[in-house]
Amino acid sequence: MTEKTIQIPQFSDVVNSSPGSEKTAAKLAKDQEVSNIKEGEERAEGQECAKGENLIENKEHAEGKAAVEQEEKPFSYIEMLDTPIKEFQGPMDITRHHLKIIAEELGLIKLCWPDLSDVTFEDRSNFPETYLRNSDKEKLLLLYTENFRRQICFKYPDRKPLFLACDNECGIQKMVCTTIRPTTLPYSQISSWAESSKFVADHVKFEPLEEPVLIPRHLYSPHTTILRQSGHSFEIATVLCSILVGAGYDAYVVSGYAIKDVTEKIMCRVDCPIPLVKDAKKEEEVVEEDEKYKITPPKDMQSKFLAMMKQRELDKIQAGKEKEAEIKRLRFLEEEKRPPDDLKGRRVHAWIFLAAGTKEVTESIFIEPGTGMPHELTSDLYYGIESIWNNENYWVNLQNCTHDLGALSYDLTDTEKWEHLLIGEPLGSKGKLKAVEIGEEEEIDYFWDEKHLDMPYPWSSRISIPHDVLKRRFPNGTMVTQYKRTLMEEYAPYVCHDGLVQKITRYSDFACTSVECVEEKFKNRHDKLSRSVLDAKTNLKTEYFAAGREDSILKHIYYNNKDGPDAKRTIFLDNKTRFDGLSKIEILDNICTEYYSDRDDKLYFRQVVYEQTRPSTENTKMASTSCKPIFKIVQKFLRNEEKSPHEDISIREFNIREREIALQYQYGKDNVTASTRTFIKPPLAEMGEGMIFRPELTYGYQAEIGAKPPRQLQLYLLLQQQLKDEEEVIVSIRDFENQISDFLLLRAHEMAFSRLDVNVYNREHNQEFRAGMLDQEEKQRICKEKEMEEKIDYLSPYLARTGNPSSLTFQEALDVRQACLEEFKEMLVNRALDTQQQFERMSSKIEDLQAWYMQRHENLTVDEETKYFEEINEMIFCLRTMEIRLVRHKELSYSRYEAMLQYVNNHPMLDILRNYNTKSNNS
């Protein structure tokens, strides 16, 4: 069937006051543009060729613009009324489709409600009953709402249509207030308004409205929006309002107008919500000098004129820098400036109004559902408010929105500023009921006697978010957002093989072409890597590690293009978890500096200076593995209060090349100098056990007044100790070099083959643990089934002796019973005797071993004595175990015999004995 068409007269006959007008506004505009172009061509005849080319370009641009204006646009009743007076060439055909579009744009409410069945929406077909039809109360509400809409249109004819009702996913028109379904989610991660807003913005993909200046043509349920993970601003705001109201917040959906960046979720002019985190610098303590002992500086003999000229040059340079900074700032502002919008103030949008007074909300704010960001009421992102609603009522704004929205009054009980749909106020706005005495119930009868139409129960299903969906968070597990000079990529855990959950690339220009730095955040990595920051200009990379690494490394700073062990790098470690107290390592060219904390030997600083060597071309490949020659080693120690300051070493330097050992001791009390001692090592031929000490190879200074010079024996012993310490320090340094090389190899392997840790309680990702648990459960189930099938019958051996008859005679039953009980009693006695014999044998062995030790303990070696104590302790432990077992056996023997006696008496094969005893008792 073809649709019926309705012919209406020309639009000019209805609107224009002069029926003789023959040109439309669009045609006049086009004629005017063409005439302007012709005049421009006539004026350009005597001018230069360059100007002529510009006019030609203007002509082409104007003709293209006129052609674009003549292109057909989708039919819109609102846009037709907003445009200037038009004239159509002939009658216009109106189809049912056009009438439906007009009704949707005007916000008309249908007063006929068909009953639908077998509705299919995307991949869903089984919808609840509430999705397919309206209840009687919902129909009454829609009638009430249509009457309210007509009154608003009559009283305020210039207002845009209100968003009161809309079709759901099944094509049934529903009131917007009944679409909100308050839901409390069972997750602590999204319990606050900020966490809920961020989750909804991340989980649901934002879709701009099909017509930016018209109210939406559909409003899906919050449950469907969560399943689809996409929706326009009204649907996302409905989801967020449902969660916030369910969590106990006073939240409302706002219908109004916003800027283009908000309605299309353009974030390139919004600052990144995650600023660049810089390491906090420790503030140096300023030591105030005593004015009494402060040294008077010498007189300044510089020329004041030269100083003035120098300062003038510095001021000139500073002024130039400030001018450049101001030019750069203005250029940035010009780049970040919003482009002009032809639809300014007309773009329809929805957001959340969170009123103060509930939970931790101390000030009313707006929440943008597409981004989850809070905004103040004075924000310039929103132009005006048409209406707001929640699951209890609907309010129309009667205030002027010319100024910012912060100047509006948000007291919804003020009927001069807000027109509400339902007359009866919600229970929450009436305040708490006052406690009354018995017999004063009539004072509050008016509260319950109010008989007004209230909001029906929400028709939407409850919002359901499974745990795996909560963990995945983003659509397809990833989301990319373009902020101002920043590109942020977010991933759900376990989506990336290297554990990457967030990557922020910061740029120095607004066009995002010059990379400034790259920040990466990781989770669940086996190497405990949590964050890395790469400076793109210097190629300096900083890696941060969580606690728990075997090498106790917390931070690693190095250049990304220099991976060798000699490259400049800084490593921070957790000294509390290391046995050597190492807290920091600095490697710079041929210098390696180590910092220690809380050591018993008071060492806090060690610096190793290597020889300046030039590796040959043949040894280039082996340069990283060969040991570099050491030039000198410097060690610094803290004060040891147990030693005298003139014997407590403060700085020790081993000069390997010059074969010298220099010592500097701690400063004594009231001393301004410290004692020193320098040793010149003897030749290599004289080193060893037969080393000869020469006094001329040592010299020093004693800061202690009146102290005797040290003896040669003391100096000889001190030299021997320093030579021994030097060897130990060199061995420690070589071992430390190997540790650095192993760490670099391990980091290269960890970056190339990253591994993720999965919690044993994470059922979604721990497949190995899940398979193991299922296997274990299956084994337990099989074992239980086997136990149920194979019940142990203690009389089966005795019944087998009689040939396993189906029934027993009285004498046979008596013999079986007697034999079973006697053998069980014999087993208990034998077990006790066996344990007793083992106990006695072990006691005898212990006595013999102790007697052997008493005879030979003076001639035993340390190893033999250690072995004896290990054997005697093990034997005493076994003896104690046997004693406990024997005591426990004696205690449980009686109860075990009683249990066996009861089992035998109740056995079905011995029923003849039980019946005989019953007859005997009766007689």
Closest non-hydrogen atoms of Pro709 and Gln702, given as atom of the first, atom of the second and distance, are CA-OE1, 3.7 Å
Taking Asn738 for its side chain and Arg734 for its backbone only, find out whether a donor-acceptor pair lies under 3.5 Å. yes
If you count every heavy atom of other residues, nucleotides or ligands that lies below 6.0 Å from Glu696 atom CD, does the total exceed 12? yes
Minimum heavy-atom distance between Ser843 and Leu879, given as atom pair plus value: OG-CD1, 3.3 Å
Lys/Arg N to Asp/Glu carboxylate O, Glu726 vs Lys681, below 4.0 Å: yes
Supply the atom-to-atom distance Leu529 CG to Tyr544 OH, rounded to the nearest 0.5 angstrom. 11.5 Å
Short side-chain to backbone donor-acceptor contact, Asp509 and Thr513, under 3.5 Å: yes
Derivation of the salt bridge (Lys or Arg N to Asp or Glu O under 4.0 Å) call for Glu750 and Arg549: CA-CA 12 Å; Glu750 290 172 345; Arg549 284 182 63 94; 3.4 Å; yes
For Ile557, is there any backbone N or O sitting under 3.5 Å from a side-chain donor or acceptor partner on Glu543? no
Note: Tyr665 and Pro645 closest approach over all heavy atoms is CB-O, 3.5 Å
Between Leu715 and Pro710, the two heavy atoms sitting closest are CD2-CG, 3.7 Å
Please lay out, stage by stage, how Ser597 and Lys576 fare under the test side chain to side chain contact (heavy atoms under 4.5 Å, CB included). CA-CA 9 Å; Ser597 300; Lys576 296 181 181 179; over 6 Å; no
Examine distances only and state if a side-chain atom of Arg606 and a backbone atom of Ile633 form a donor-acceptor pair shorter than 3.5 Å. no
For Thr673 and Tyr701, what are the C-alpha separation, side-chain angles and deciding distance, and is it a side chain to side chain donor-acceptor pair (under 3.5 Å)? CA-CA 10 Å; Thr673 58; Tyr701 162 75; 3.0 Å; yes
Lys/Arg N to Asp/Glu carboxylate O, Arg747 vs Asp527, below 4.0 Å: yes
Closest approach of Val515 to Val518 (non-hydrogen atoms, all atoms of both residues): CG1-CG2, 4.0 Å
Assert yes or no for the condition that the ring centre distance of Phe743 to His556 is strictly below 6.0 Å. yes
Quick one: does Thr486's side chain have a donor or acceptor within less than 3.5 Å of a partner on Lys484's backbone? yes
Electrostatic pair Arg506:Glu516 at N-O distance under 4.0 angstrom: no
Using a strict threshold of under 4.0 Å (side-chain N to carboxylate O), is an ion pair present between Asp648 and Arg639? yes
Atom pair NZ (Lys503) and CD (Glu490), whose distance is rounded to the nearest 0.5 Å: 14.0 Å
In Å and rounded to the nearest 0.5 Å, what is the CG to CG distance from Asp725 to Asp601? 10.0 Å
Ignoring hydrogens and geometry, is there a side-chain-to-backbone donor-acceptor pair from Ser675 to His646 under 3.5 Å? no
Nearest-0.5 Å distance, OG1 of residue Thr570 to CG of residue Leu588: 8.5 Å
Is it true that, when you exclude Glu728 itself, more than 12 heavy atoms of the residues, nucleotides or ligands shown sit nearer than 6.0 Å to its CD? yes
After noting the C-alpha distance and the side-chain angles of Glu586 and Lys584, does the key distance pass the salt bridge (Lys or Arg N to Asp or Glu O under 4.0 Å) rule? CA-CA 7 Å; Glu586 289 182 353; Lys584 183 181 177 182; 2.9 Å; yes
Sequence neighbours left out, cut at 3.5 Å: what donor-acceptor pairs do the side chains of residues 311-318 make with other protein atoms?
residue	atom	partner	partner atom	Å
Gln311	NE2	Asp315	OD1	3.0

Under the criterion side chain to side chain contact (heavy atoms under 4.5 Å, CB included), I'd like the reasoning laid out for Phe679 against Arg677: C-alpha separation, chi angles, the key distance, then a yes or no. CA-CA 7 Å; Phe679 293 98; Arg677 174 62 56 184; 3.4 Å; yes
Nearest 0.5 Å, please: how far is CD in Gln666 from CG in Leu638? 7.5 Å
Write down the atom of Trp852, the atom of Leu860, and the distance for their closest heavy-atom approach. CH2-CD2, 3.9 Å
Checking Arg525 side chain against Arg755 main chain: does a donor-acceptor pair fall under 3.5 Å? no
The single option from Asp574, Leu573, Leu554, Ile553 passing side-chain contact (heavy atoms from CB on, under 4.5 Å) against Phe545: Ile553
Rounded to the nearest 0.5 angstrom, the CG-CD distance for Leu719 and Gln714 is 13.5 Å
Tyr595/Phe605 aromatic ring centres below 6.0 Å: yes
Test log, rule side chain to side chain donor-acceptor pair (under 3.5 Å), inputs Glu737 and Tyr610: CA-CA 12 Å; Glu737 292 173 355; Tyr610 296 93; 2.4 Å; yes
Is Thr866 reaching over with its side chain to a backbone N or O of Val862, donor-acceptor style, under 3.5 angstrom? yes
Do Lys321 and Glu326 meet the salt-bridge criterion of a basic N to acidic O distance under 4.0 Å? no
Could you tell me how the ring of Tyr868 sits relative to the ring of Tyr853: parallel (under 30°), tilted (30 to 60°) or perpendicular (over 60°)? parallel
For the backbone of Phe877 and the side chain of Thr881, can you confirm whether one donor and one acceptor N or O come within less than 3.5 Å of each other? yes
Apply the test side chain to side chain contact (heavy atoms under 4.5 Å, CB included) to residues Phe631 and Glu611: give CA-CA distance (whole Å), side-chain angles for both, the deciding distance (0.1 Å), then the verdict. CA-CA 5 Å; Phe631 174 67; Glu611 294 279 2; 3.8 Å; yes
Steps toward side chain to side chain contact (heavy atoms under 4.5 Å, CB included) verdict (Glu865, Lys867): CA-CA 5 Å; Glu865 190 171 7; Lys867 184 178 180 181; over 6 Å; no
Check for a donor-acceptor pair, side chain of Glu519 on one end and backbone N or O of Arg531 on the other, with a separation under 3.5 Å. no
